Structure formats: C-alpha cells, structure tokens
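Below is one structure, written out as structure tokens, with a few remarks after it.
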Amino acid sequence: MYSEKVMDHFMNPRNVGEIEDADGVGQVGNAKCGDIMKMYLKIEDGVIVDAKFKTFGCGAAVATSSMATELIKGKTIKEAEMITNKAVMEALDGLPPAKVHCSVLAEEAIAAALQDYRARHGLDSDSTYEGCSGCCGGCGRLDQHDENNGE
Amino acid sequence: MYSEKVMDHFMNPRNVGEIEDADGVGQVGNAKCGDIMKMYLKIEDGVIVDAKFKTFGCGAAVATSSMATELIKGKTIKEAEMITNKAVMEALDGLPPAKVHCSVLAEEAIAAALQDYRARHGLDSDSTYEGCSGCCGGCGRLDQHDENNGE
Amino acid sequence: MEKPVIYLDHAATTYVKPEVFEAMKPYFIEQYGNASSLYDVGRASRKAVEEARAAIARCIGAAEPGEIYFTGSGTEADNWAIKGAVYAARKKGGKHIITSAIEHPAVMETCKFLKKEGFDVTFLPVDSEGFVNPEDVEKAIRPDTVIVSIMYANNEIGTIQPIKAIGEITRKHGVLFHCDAVQAAGTIPIDVRDLGMDLLSISSHKFYGPKGVGALYIRKGVRLENLIHGGHQERGKRAGTENVAGIVGMAKALELAIANMEQYTDKISKLRDKARDLILSRIPYVRLNGPVENRLPGNLNLSFQFIEGESLLLLLDMKGIKASSGSACSSGSLDPSHVLMAIGLTHEIAHGSLRLSFGEHNTEADVDYLVDALEEIVARLRSMSPLYEDFVKANKQT
Amino acid sequence: MEKPVIYLDHAATTYVKPEVFEAMKPYFIEQYGNASSLYDVGRASRKAVEEARAAIARCIGAAEPGEIYFTGSGTEADNWAIKGAVYAARKKGGKHIITSAIEHPAVMETCKFLKKEGFDVTFLPVDSEGFVNPEDVEKAIRPDTVIVSIMYANNEIGTIQPIKAIGEITRKHGVLFHCDAVQAAGTIPIDVRDLGMDLLSISSHKFYGPKGVGALYIRKGVRLENLIHGGHQERGKRAGTENVAGIVGMAKALELAIANMEQYTDKISKLRDKARDLILSRIPYVRLNGPVENRLPGNLNLSFQFIEGESLLLLLDMKGIKASSGSACSSGSLDPSHVLMAIGLTHEIAHGSLRLSFGEHNTEADVDYLVDALEEIVARLRSMSPLYEDFVKANKQT
Ligand SMILES: Cc1ncc(COP(=O)(O)O)c(C=O)c1O
Ligand SMILES: Cc1ncc(COP(=O)(O)O)c(C=O)c1O
C-alpha cells in the first residue's frame with residue numbers, strides 16, 4: 001500500500017533524534033489518534049541549518065516526518081513555511097488516502113516549531129498556529145478507509 | 001433422490017396400458033399439479049384379476065402407479081381397499097418427502113376405480129370417493145421441498 | 001459400452017475451466033493471506049483482489065474498478081441491489097419497486113419479501129415471448145418509485161430484454177435501474193455505461209468460473225444500505241473476509257469469456273438452432289417457448305405436450321443427457337415455472353417443458369444423439385399418458 | 001540469505017490444508033453439477049453437500065444435519081442469525097437485543113444497524129480481561145428481548161466467555177442464544193446441545209478451510225426470517241447456488257481439526273506461553289491484554305508502551321513476521337480496537353498493541369526469532385518516540 005519512497009523513509013528515517021539546544025520545538029497530534037510528531041529546528045540567520053524529529057505513529061507518520069525534515073533543511077524560514085502537505089506527499093510519491101492526514105501533521109509540525117522559534121525570539125507572525133485539534137476527521141481520514149482489517 | 005426400487009418401477013413400469021373392457025376405471029389428479037393417474041381394473045368374482053394404468057406425472061407418480069397395480073392384482077376388492085399409500089411407499093423402499101403425495105394419488109386412483117366398478121354394478125359402498133381435490137397441499141407436498149432447482 | 005455424458009444444462013451451472021482453476025490455485029495454499037492484512041502475504045491477496053476488480057470493471061464497461069463489489073453469489077448481489085436501494089431511499093419517502101413477472105427467484109422473492117415489509121411492488125407482465133414492454137415500465141413509474149429491476153436475459157426461455165430502452169426511461173425519470181445479468185454475462189457483451197445502468201448483478205459459475213462468488217456493479221454515486229454488515233471489506237460495503245481464490249477465478253473466467261465471446265456464441269447458437277429445427281420437425285406436438293430472435297444463444301426451451309418434465313429429465317439422464325425443466329415436480333414448488341405461466345402457457349403445457357442450454361464442449365454429434373433420444377423417450381412417455389390417450393380418442397371421433 | 005516467513009496471524013485467516021484442497025478439487029472441474037439438479041452430475045454435488053452438512057453437524061454436536069445451513073462467510077452467518085431472529089420476532093413484539101461490547105464487527109455492526117432500524121440493543125460491558133458476567137446478561141433480559149448474542153471466544157484477546165452459564169440463562173428466560181464461534185471452531189470442542197445454543201456461526205477459513213464459506217447452526221424449531229431471498233437452496237432458507245467445493249472443503253477442514261484438536265492446541269498453547277514469557281521478561285513496559293486462563297490457546301495480545309502498532313507490524317513484516325494489531329492505523333478506523341478500549345486501555349496503550357496468533361506450522365525456533373526481532377524493533381521505535389522521550393525525562397527528574 002505504501003510507495004517505495006515511503007517505505008524507504010520509514011525503514012531508514014532521516015534526521016531522527018533531538019536537538020539539545022534547538023531554536024524551535026513543535027509537537028502536534030495526540031496519542032488518542034495514534035500520531036504524535038515532535039520537531040526540533042536549529043536556525044541561524046533565518047535559515048534552517050538542522051532539523052530533527054521524533055514520531056509516535058504509523059509508517060506514513062514516520063516517513064512524512066523524515067521527508068519533511070529533509071525538505072526544510074537549508075531552507076529559509078519563509079521557504080519552509082511554504083512547504084505544504086502536498087509537497088511532502090509528492091516527494092514521497094504519494095500516500096494512501098487514509099494516510100493523507102499524516103502529511104498534514106508534518107506540515108503542522110513544521111509550523112508549530114517555527115512558531116515556537118518566533119515566540120522565543122519575539123518575532124511576529126501573520127497567523128498563529130493553534131496546534132492540531134486532535135483527531136483529524138477534517139483531513140480526510142474519516143471517510144477514506146481503504147486498507148482495512150476486518151477479519 | 002429416488003430409491004433403486006422407485007427407479008426400477010419408473011424405468012420398467014409394470015402394467016402400463018389400457019384394459020379395453022375394464023370393469024372399473026378411475027382417474028385422479030389434474031394437469032394443474034402435474035399428476036394424472038388413470039387406473040383400469042378387471043374384476044371377476046370380487047377378485048382383481050388384472051390392473052393397468054396410464055400416468056402423466058413425475059418419476060414417483062409412474063413408480064407408485066406401477067407398484068399399486070402390482071399390489072392389487074390377485075387381491076379381493078376388500079383387500080385392495082385396505083392398501084394405503086404407506087403400503088405403496090414401503091413397497092418402493094420409501095419416497096422423498098416432496099413426493100409422498102404421489103403415493104396418496106395411487107391410493108386414490110385405486111379407490112376411484114373400485115368406486116366406478118361398484119357404481120356400474122349397483123353395489124353399495126361405505127364412503128363415496130369424491131376424486132382428488134386437485135393440488136395436494138394437504139398431503140405433505142406444500143411444506144417439504146428438499147430437492148430443489150433454484151439455479 | 002459406457003454411456004456418454006452430454007451436459008446441456010449450462011444455464012444451471014458450468015464447470016470451472018482448467019485455466020481458471022490454474023489461476024485460482026495459488027490462492028488456496030501459498031497465497032493464503034487475508035486481503036485486509038498489512039503484511040506482504042496479505043498484500044499479495046489484496047493485489048489479486050484489486051486486479052480482479054479492475055478486470056471485471058473492464059469486462060462490463062464500468063467507469064472505475066471501485067464500482068465493482070464482490071459478493072457470495074448472484075443471488076446475494078440481487079438481494080443487495082434491491083434491498084439496499086429501497087432501504088436507503090426509505091427515509092426520503094421511496095417505497096415503490098418495478099420489476100417483471102419473469103424475474104429469477106433471487107429478484108422475485110426479494111421483491112415479495114419487501115412487499116411484506118410494506119413496500120409496493122409492480123410486477124410488469126410480459127408478452128407471449130417473454131418481452132417486457134418499455135412503455136409499461138414508463139407508465140408504472142410513480143413519484144415514489146425507487147428502482148426498476150429487469151433482468152438482462154431470462155434463465156428459462158432466454159428472452160433478451162430491451163435493456164437499453166428501459167435504461168433510457170429510468171434515467172429520464174431519475175429512478176435507479178438494476179439489471180440481473182447473471183445469464184447474460186459472459187455470453188452477451190455488457191456495457192453498463194452505454195446501457196444506462198446503476199446496478200448490475202453477475203455470478204461466476206455461469207461463465208465457467210467457480211461457484212460461491214458473484215459481483216454487484218454499483219455506479220459511483222448510487223447509495224445502497226449494506227446487506228451484510230461487519231468489517232471494512234469491500235470499502236465498508238460488504239463485510240466478510242474476501243474469497244480471494246473465488247474472486248480471482250471469477251475475473252479470469254469473465255476475461256476468457258469476453259475474449260472468446262464471438263466464437264463461443266456462434267458455436268452454441270448453431271448447435272441450438274440445429275437441435276431446435278430437428279426436434280420441431282421430427283417430434284409432433286412440441287412448442288417452442290420464448291422468442292426466435294433476441295434470445296440467449298445457448299438457450300432452447302420446448303414444451304412436449306401430454307408428458308411431464310421430470311419423467312422426461314429422468315429418462316434423458318438414463319441416456320446420459322443432463323437438462324432441466326420448468327415442471328413443478330423438479331422445481332420443488334407446487335406450481336410449474338412462473339416464467340412459463342407468465343408467457344401464457346397452461347399448467348399442462350408448462351409441466352411438459354424442457355430446457356436445454358448449450359456450452360463449450362457440446363458437439364453436433366451430441367445434438368444428433370439428443371434428438372434420437374428425445375424422439376424415443378417422448379413417444380414412450382406419451383404411450384403411457386392418459387392425456388395423450390384422451391387426445392388420440394378425441395381426434396379419432398372427429 | 002532469504003528472509004524467513006513466520007506467519008503469526010492464524011486468527012486472521014489460515015491457508016487451506018493440502019488434504020482439504022485435495023478433497024475440494026474434484027468439485028471444480030469434474031463434479032461441477034448444480035447440487036439442486038435432478039440428474040446424476042447434480043446428484044453427486046448434492047451428495048457431497050449433504051455429507052458435508054452431516055459432518056459439520058457431528059463436529060458441533062447438532063442433533064441433525066438439517067440444523068446446519070451453509071453461508072458465504074462467518075459474517076453472513078452472524079448477520080442472518082441476528083437479523084433473522086429479530087425480524088421474525090417483530091410481529092410478536094420482540095424488539096430487544098443483548099450483546100457484548102467486544103463482539104466482532106460482524107455482530108457489532110449488525111446490532112448497530114438494527115438499532116437504527118428501531119430495535120433496542122444492550123451492549124454489555126466486560127471486565128478488564130474481557131469477560132462478560134452472566135449475571136449482567138440475566139439482568140439485561142426484558143420481556144421483549146429476542147436474542148442474546150455473545151461470542152464464544154474473542155478474536156483479538158482470546159477471552160473464552162462463560163458460554164454455558166449464559167446458555168442456561170437464555171434457556172431459563174426463553175430467549176434465543178446466538179454464539180459467534182468463528183474463532184472457537186476447530187480449536188475448542190463445541191457441543192451446541194450441551195451448551196444450550198440456538199444459533200451458532202462458524203467460518204471455514206479460520207480452521208484451515210477455504211475462504212468464502214461459513215455455516216449457521218439453527219436449532220430445529222427456531223424460526224428466522226431469511227437474509228438472502230431467492231431459490232429453494234438450503235431448504236428454502238438461504239438462496240444461491242451451493243458453493244460445493246467450498247462446502248466440501250469446510251467440512252473436511254473441520255473434521256481434521258477435531259481429529260487433531262488435542263495435539264494442536266497443546267502445541268500452539270506451548271508456543272504461545274513461551275513467547276509470552278520471553279517477551280514479558282526481556283522487554284520492559286509491555287502489557288498482556290486478555291486473561292491467562294480461559295483463553296484461546298493460540299492467542300497472544302500485548303501492548304508495547306510508547307510505540308504505535310502499525311510501525312511495529314511493518315518492521316516485523318520486514319523481518320518476515322506476519323502479525324496484526326489493534327491500532328487504528330492498521331484497522332482503517334479512526335479509533336483503536338473497540339475490544340482494547342472496552343477492557344479499559346487508554347488510547348495510547350491500545351495503539352501499541354500486537355496480536356500474535358499461532359498455528360500448525362510454527363516452531364520453537366520461530367518464537368526465538370520473534371522475540372529477538374521484537375526486542376530490537378521495540379527498542380528502535382522507542383528511541384524515536386516522543387512519548388518515550390517524555391517518559392525517560394520524567395523518570396530522570398524524580
Ligand atoms: C469472532 C469473529 N466473528 C466473525 C468473523 C467473520 O468471519 P468472516 O470474515 O469469515 O466473514 C471473524 C473473522 O473474520 C471473527 O474472528
Ligand atoms: C437470472 C439469474 N439470476 C440470478 C441467479 C442466481 O445466481 P446464484 O445461484 O449464483 O446465486 C441465477 C442463477 O442461479 C440466474 O439465472
């Protein structure tokens with residue numbers, strides 16, 4: 001059900017871990033839905049010089065976390081903010097419908113970490129990221145259940 | 001579904017035909033239900049010296065007609081009257097539930113032929129045979145449908 | 001001498017073609033995974049099921065594989081289509097079903113059950129050859145009509161209905177159109193989009209696939225209540241662990257049937273026509289039931305006056321010929337075939353019916369053997385029939 | 001080196017045993033007749049079906065073969081039992097169903113559908129090991145209660161219910177007792193008469209038989225509305241051409257299972273116990289879900305704290321180990337297993353669950369390999385889990 005890219009990023013996730021002296025840390029999702037992503041950013045002169053993550057979640061959650069950190073490394077904050085869940089999905093050669101929410105979570109984790117960075121540095125932001133509302137019915141998970149275990 | 005005896009009497013029916021100068025002729029059943037039995041009797045001194053039949057109907061209808069004529073040949077009228085559908089069935093090693101009505105028809109055909117004989121000879125009888133009422137829901141056919149073709 | 005076996009009951013069921021069986025085999029012992037499982041044994045099953053779904057979608061002209069749902073039989077597909085549609089429409093005031101008088105019991109009994117449940121059902125009459133008149137369909141439509149269920153081709157007398165005209169009417173009036181194509185699939189080209197169908201049932205064992213598997217086409221956007229509730233299989237619409245081997249076999253069988261259709265129908269219709277012409281010319285008092293044109297190519301249905309169908313079948317069986325009859329005696333119901341009654345036959349004539357349905361392995365020699373056997377058996381049964389006796393006597397007198 | 005395949009998901013489905021496949025084979029190509037046909041090809045099929053019926057009746061202690069009805073799946077049997085019972089009882093005022101909170105979706109979703117249809121349903125709670133309390137059943141019975149449906153053994157956590165006590169209660173109160181024995185059949189001896197059951201469902205592919213065939217035991221005298229209407233098959237109660245090969249395979253598989261039951265359960269429970277003990281001693285923060293006693297012999301269900309089940313399954317799969325999880329991510333529903341929630345687990349713990357179900361071909365070496373693999377994978381997933389990070393930090397601070 002997963003593409004080879006997803007499996008690769010799940011089996012060999014890039015950038016797993018913590019950054020002890022991170023400039024921004026963001027955590028989204030909750031245990032209730034089975035997905036939590038925590039993202040650590042190291043930012044120098046407005047550029048993301050390092051990114052690491054820890055994720056509790058399914059294969060897609062791990063893979064999207066991994067891909068998201070890859071995508072933002074070396075980018076400016078502005079560029080990083082423009083990375084959507086779609087970009088993450090495309091970079092992974094797609095996700096099954098039931099797993100699209102994981103890419104949304106990855107986008108939100110980046111946003112949360114960047115917001116934390118701004119807050120710590122007293123920077124303004126156009127929109128305040130409120131954190132994932134919890135179980136993500138809104139992001140397509142509720143009505144798309146194709147790979148099921150009904151034995 | 002049919003016993004070997006039934007198949008034998010169906011494949012090689014005994015006493016098929018007409019008796020031109022029969023002393024008693026009885027016909028029961030109707031085309032609506034798919035079974036008609038006509039029985040011809042030759043009676044001398046109160047003894048059934050010959051019996052023949054013609055039958056329109058299923059395998060069991062033919063076999064029970066055949067067996068019934070065999071059973072009554074050589075019997076007195078009184079004896080013949082005592083032959084029940086059960087006796088016919090037993091002599092055939094049984095019938096499928098859906099086909100029990102055929103043995104009832106055979107019993108009734110004998111009764112009808114004997115009644116015709118009595119009527120012609122001005123003899124009394126205890127009970128008047130009214131003929132088969134038609135489709136024989138009453139004789140078990142309606143609720144016992146085991147051998148079905150529902151393709 | 002061993003007696004031959006001449007199978008002339010392909011409308012009842014077919015054997016599994018060896019190629020079909022080969023395609024199924026891996027899914028019993030090696031590829032046994034649950035198609036809903038995550039791991040690779042399961043993924044192989046899932047892949048096989050989805051390929052089968054896509055193949056069947058292609059074979060019937062569906063817009064997407066996702067419009068095909070696998071069931072446990074053609075009967076289940078019929079039940080689901082009709083019950084699912086009316087249950088789903090009930091809240092919006094839907095309560096009327098239109099069907100014909102000659103549907104298969106899978107549709108007929110479902111409609112009768114729904115009638116008991118409070119729905120209204122119109123059973124449209126058919127003409128003497130079994131055709132539904134599309135105008136009758138249009139006239140029967142009411143504001144609360146939910147669904148029209150008319151079979152593609154009749155299983156007893158082979159009549160192919162004017163499906164396309166009916167589809168135009170249902171589309172025009174915005175009611176659902178369900179078509180029981182169990183007898184048609186594999187023999188007649190089916191294109192659900194061209195024909196305007198919303199729901200279509202097929203059954204694997206009618207086209208040289210395994211028994212116990214069917215499919216329902218549900219046009220995208222059509223909402224049905226589930227018939228079998230439970231797990232998430234078939235995208236949450238038909239619960240129960242997927243019969244992977246059966247599904248693979250069904251798809252393979254339908255693909256083969258479609259690839260060889262022209263050749264196949266040409267062959268069986270020639271055999272059928274030969275049998276029909278020989279029987280009608282050599283045996284008196286025989287009636288052809290059903291039409292000459294617009295008829296399933298392998299179907300022949302005849303009534304032999306003065307004799308009863310079960311006896312006929314048994315004697316044919318003794319000669320190795322396997323056929324079927326619309327006689328009550330062989331159907332387990334008190335009445336003879338509702339189809340034969342609906343086209344206007346008397347009970348007596350209906351009881352004397354014989355259905356011959358030709359298939360792949362039949363030959364011209366089979367037909368010759370059949371006709372000889374029939375001639376002999378019919379004569380024999382007539383000689384012991386009181387109805388024939390009456391008929392002969394009546395004719396003598398006049 | 002080729003990676004091994006260690007199948008530990010026998011509760012999901014099993015392969016077909018070679019002997020079972022051999023028994024089925026003739027009914028695809030040679031003995032293809034319609035079991036409802038009159039002629040001898042059909043009679044051979046009929047005979048095979050009736051022998052299978054008698055075998056299954058013997059295997060579950062039914063009084064007569066006629067109490068066994070074949071269906072297209074365990075799910076269909078569950079749907080039929082419950083819907084059939086309440087529809088038949090509706091006219092007499094019956095409107096209440098009692099079931100448990102941990103039933104399989106085949107029962108659960110059927111009950112939810114019936115609730116929508118206006119019936120009342122009581123979902124009895126279970127204790128922390130998944131047991132239903134028979135006293136709760138008795139207390140829940142109302143004058144309008146039609147049926148109690150409680151599973152024999154749970155498919156996720158293996159809990160074997162106090163079926164006999166429940167049967168005594170239903171008998172005493174004159175309500176029907178349906179038991180979903182899909183997981184029990186072939187592993188636990190079943191005696192429907194001893195257990196006081198009215199209705200019992202089984203499914204072939206759980207005991208090394210083919211998929212797509214199940215059976216419902218209906219005690220003589222119990223009246224059900226049909227679920228699938230149509231032809232006269234299964235004595236007019238379940239329409240659709242009989243899946244002869246599937247039925248034959250199911251009976252053969254159940255007979256084999258019963259003949260080898262003691263040996264089989266002994267073997268798989270030993271493997272299961274070994275796995276359980278090794279895992280619990282070598283891996284920290286693991287919870288055993290379900291009871292130690294009164295548990296299906298092959299079932300093991302564990303929750304690994306701080307990690308999520310789908311990831312665990314995928315990494316196990318990479319090592320050739322096939323298992324299943326109660327995690328939402330692998331079940332396609334938003335919530336984790338309703339069974340794990342019902343026994344009181346938090347979402348987080350429920351998401352980290354793993355079900356291992358042992359079978360015929362598993363060995364001691366498999367268990368050793370499994371435990372090594374699990375130890376490594378769990379450590380790896382924890383090292384990347386933010387929950388584990390929080391936990392470790394919190395522990396350090398105190
Ligand atoms: C307890 C239980 N009931 C019912 C079912 C449904 O069986 P099937 O998938 O064969 O329809 C299953 C397994 O799938 C089960 O484990
Ligand atoms: C026209 C028609 N509809 C439905 C069915 C039912 O199919 P099945 O017996 O596979 O359920 C049949 C044949 O049996 C049929 O001929």
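In the text below, chain A, chain B and the rest are named by the order of the sequence lines, each starting its count at 1. Just so it is clear, the model here is predicted, and its values are computed rather than measured. Keep in mind that the numbers below use all heavy atoms, side chains included, and drop hydrogens, waters and symmetry copies.
For the residue pair C:I29 and D:V16, the shortest heavy atom distance occurs at CG1-O, 3.4 Å. Smallest separation of non-hydrogen atoms from D:Y32 and C:K211: O-NZ, 2.7 Å.
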Pair C:K83-D:I228, side chain to side chain contact (heavy atoms under 4.5 Å, CB included): steps then yes or no: CA-CA 10 Å; C:K83 291 178 190 169; D:I228 298 185; 5.7 Å; no
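Neither the backbone nor the side chain of C:K91 comes within less than 4.5 Å of any heavy atom in chain D. Proximity to chain C is absent for every atom of D:K112, based on heavy atoms less than 4.5 angstrom apart. Only the backbone of C:T14 comes within contact range of chain D, judged by heavy atoms closer than 4.5 Å. In this structure, no portion of C:Q31 lies under 4.5 Å from any heavy atom of chain D. Only the side chain of C:E225 comes within less than 4.5 Å of a heavy atom of chain D; its backbone N, CA, C and O stay farther away. For C:A245, no part sits under 4.5 Å from any heavy atom of chain D, backbone or side chain. Neither the backbone nor the side chain of D:M318 comes within less than 4.5 Å of any heavy atom of chain C. Looking at C:N79, only its side chain comes within 4.5 Å of chain D, counting heavy atoms on both sides.
Considering only heavy atoms from C-beta on, C:K25 comes within 4.5 Å of D:F21 through its side chain. Contact check for C:E242 versus D:T13: no side-chain heavy atoms found under the 4.5 Å cut-off.
Rounded to the nearest 0.5 angstrom, C:L227 CG and D:E76 CD are separated by 8.0 Å.
Side chains of D:T241 and C:H205: a donor on one and an acceptor on the other come within 3.5 Å.
Among the candidates C:Y208, C:F28, C:W80, the residue making the largest number of heavy-atom pairs closer than 4.5 Å to chain D is C:F28. Per-residue heavy-atom pair counts under 4.5 Å with chain D were compared for C:R90, C:E103, C:E30, C:K17, and the maximum is reached by C:R90. Residue with the most contacts toward chain C among D:M108, D:H229, D:E109: D:H229 (heavy-atom pairs, distance under 4.5 Å). Of the listed residues (D:G246, D:A323, D:C111, D:G214), the greatest number of heavy-atom pairs within a distance under 4.5 Å of chain C belongs to D:A323. Ranked by non-hydrogen atom pairs under 4.5 Å with chain C, the options D:A239, D:S73, D:G320, D:S203 are led by D:A239.
The neighbour count for C:K252 NZ, taken as heavy atoms of other residues, nucleotides or ligands under 6.0 Å away, does not exceed 12.
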